[in-house]
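Lettering follows sequence order; numbering is per chain, from 1.
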There are 2 protein chains.
Amino acid sequence: MEILIAEDEIRIADSLKKNFLQSGHHAIIAKDGEETLSMLHKIQFDLLLLDWRMPKLSGLEVCRKIRSGGSEIPIILLTALTDISNKVEALNAGADDYITKPFSFTEVMARINAVARRYKSSANSIVFGDNTLNLITRVVTTPKTQIKLTDKEFDLLKFFLDNRGIIISKELICEKVWNLPFSPKTNIVEAAVKNLRKKLEETTEQKFIKTIYGEGYIFFGD
Amino acid sequence: MEILIAEDEIRIADSLKKNFLQSGHHAIIAKDGEETLSMLHKIQFDLLLLDWRMPKLSGLEVCRKIRSGGSEIPIILLTALTDISNKVEALNAGADDYITKPFSFTEVMARINAVARRYKSSANSIVFGDNTLNLITRVVTTPKTQIKLTDKEFDLLKFFLDNRGIIISKELICEKVWNLPFSPKTNIVEAAVKNLRKKLEETTEQKFIKTIYGEGYIFFGD
DNA sequence: AAAGAAAATGAAAAAAATTTCATCATTCTT
DNA sequence: AAGAATGATGAAATTTTTTTCATTTTCTTT
C-alpha cells in the first residue's frame, strides 16, 4: 500500500515509515497540513495517517478539507488526548478511525491491515473460524446450520469482521454502523451486541466478541 | 460456456447446438436421461438444458438425481406443457428455470445469458441504467440520491437484475425470492412489486418493471 | 363498448426488527 | 471487601417491514 504519513514530529514519522517499509508498504512523510494536501493532489495514496496537531493546518482541518473535496481515502487520525469529545470530533470531520498516542506499532499495523482488507477484497464472503458470512445473502454458514442475519446484525458483524483483532469503541461502532454521533444516553450498541452474540455464539458455541472493560469490544476469529 | 443439451429430438438438439456455437459457446448433446448423467460425471459443464420428456430417465428424474448428488449446476428445463403443476414440479425438483416449448432461440439465449451473468460475476455491485445497486450495503445510488432497500426489496430487485430482459412468472418469483411453492391465494408478489416500483421509480422517474399481462414481469435497464 | 380476468393500490393487520428501560451482573478502584 | 462505574439482559415499547384484504384500475377478448 501507498501510505501518506502526516506528522511533524520527525522521530515518530521516521519510525512509522521504517516499520511500514519492513511490512512491505511504501510510505511518504508530509511535515505539515498544507504539504499533506498538496501531496494528496499529486500522488494517489491508499491511506492517510494524520496527526491531530500539526503546523499550518491542524489534522482536523485537513480532514475536513479532504472530505469536502469528495475524496474517500481512508484516514486514521493520530491524537494525543484521550477525551471523548476529541474522538467524536475526529469522526465528524470524516476520519475512519483514530489512534491515541502513545501507540504501539502493532496497534497501528492492525488498523492498517483492517483498512487494507476492506479496500482490497471484492470477495463476496468472509470466513471467520469455521464459519462463513455470505455478504450478498447475509447468511452465516456454520458447520452445523445456517443463520440468516437481520439488517443491523449484518452491519454490526461486518464491522467487527472488517476490524478483527482491534479494540473498537462504542463511539466508533455507533458512528459507523448507525451513522449516529455517539450519545451516551442510549445503549443500542450493547443491545445489538447482545443480539448478535446470542444468535452467533448460541449456535456455534464459540466466543467471538470479547468485551474490554471501559474501552469497547474486540472480535476474535481467524 | 460449456453447455450440455439433453434432448432426444435430434432436430431441436442440433438447432440449439448450432446456435450456441455461433454465440461462442460450446455444446454437447445427450440423447437420453442416462447418457445425460454419465456425461455430467465425465465433463464439467456450466449449464444443463434438460428436456422434460426423454427416454430411459425423464428430465425430472435426472434433475432430482443431480440435485440429490449435491451438484449445483444451473439447470433449465424444457417442457412441452404450459400447465402450472408442471412448473412447480420442475422447481421443486431443483431446476433453476424452465422454458415451455415451442421456444424461440432468442428466449433460450436470454436465459442462458442470465445464468452466465449470475455465475461469472463476483462484482459487488450491479449497474442498471444510470443507477447502481451495491450488493453489500443494499443501497441503490441514483444520479439524484441514494435509496436503502429493505430485505425483500433487495431480494426482488436482485432477482430482476439477474434476469434482465426475460419474462419472469410470478410462480418463479415466489419460488425463488420467498422460497415458497407458489400459491395463488396470496398476492405477495404483486404487493412487493408495488413497493419496489414505488421506491425505485418514484425517485428515478424511470420505468424498470414492465407487466406482461397474464405472463409475469420483465425488467429493463442496462 | 361490455364482460371478465388479471393486476395495481391504499389501508389495515400481522409479523419482525429495533430500541428503550429498568434491573441485574461484572469489573475496577480504593 | 465495598462502592462506583460499566456492561449485560429480559421484557416492553416502538418502529419498520411484510402481508393481507377489499376495492379500483387496466387489459384482453368478444
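Atoms OH (A:Tyr213) and C1' (C:dT29) sit 9 Å apart, rounded to a whole Å. Between the CD1 atom of A:Ile188 and the C1' atom of C:dC21 there is a distance of 14 Å, rounded to whole Å. The nearest whole Å value for the distance from the CG atom in A:Asn187 to the P atom in C:dA25 is 17 Å. To the nearest angstrom, C1' of D:dT16 lies 11 Å from CD of B:Glu153. If you take CD of A:Glu190 and P of C:dT18, they are 17 Å apart, rounded to a whole angstrom. Separating the NZ atom of A:Lys210 from the P atom of D:dA8 is a distance of 11 Å, rounded to the nearest angstrom. In this entry the distance linking CD of A:Glu215 with C1' of C:dT27 reads 13 Å, nearest Å. Rounded to whole Å, atom P of D:dT15 lies 20 Å from atom NZ of B:Lys148.
Put simply, A:Thr211 has no side-chain N or O that comes within less than 4.0 Å of OP1 or OP2 on C:dT26. Distances shown here put a side-chain N or O of B:Trp178 below 4.0 Å from the OP1 or OP2 atom of D:dT19. Side-chain N/O atoms of A:Thr150 include none lying less than 4.0 angstrom from OP1 or OP2 on C:dA16. Between A:Tyr217 and the phosphate of D:dT6, there is no side-chain N or O to OP1/OP2 separation shorter than 4.0 Å. Listed pair B:Lys170 / C:dA7 meets the phosphate criterion, a side-chain N or O lying under 4.0 Å from OP1 or OP2.
Candidate nucleotides D:dA8, C:dA7, C:dT9 were compared by shortest atom distance to the side chain of B:Lys194, and C:dT9 ranks first.
Taking a cutoff of 4.0 Å between a charged side-chain nitrogen and a carboxylate oxygen, A:Arg67 and A:Asp96 qualify as a salt bridge. A salt bridge does not link B:Asp162 with B:Lys176: every distance from a Lys NZ or Arg NE/NH1/NH2 to an Asp or Glu carboxylate oxygen is 4.0 Å or more. Using a 4.0 Å cut-off between charged nitrogen and carboxylate oxygen, A:Glu153 and A:Arg138 do not count as a salt-bridge pair.
Sparse packing is recorded around NZ of B:Lys65, with 12 or fewer heavy atoms of other residues, nucleotides or ligands lying under 6.0 Å away.
Among the protein residues, B:Phe154 comes within range of no part of the nucleic acid, since none of its heavy atoms lies under 4.0 Å from any strand. Counting non-hydrogen atoms under 4.0 angstrom, B:Asn195 reaches a base of the nucleic acid.
In this pair, B:Phe20 and B:Phe105 present their aromatic rings tilted. The plane angle is within the 30 to 60° band.
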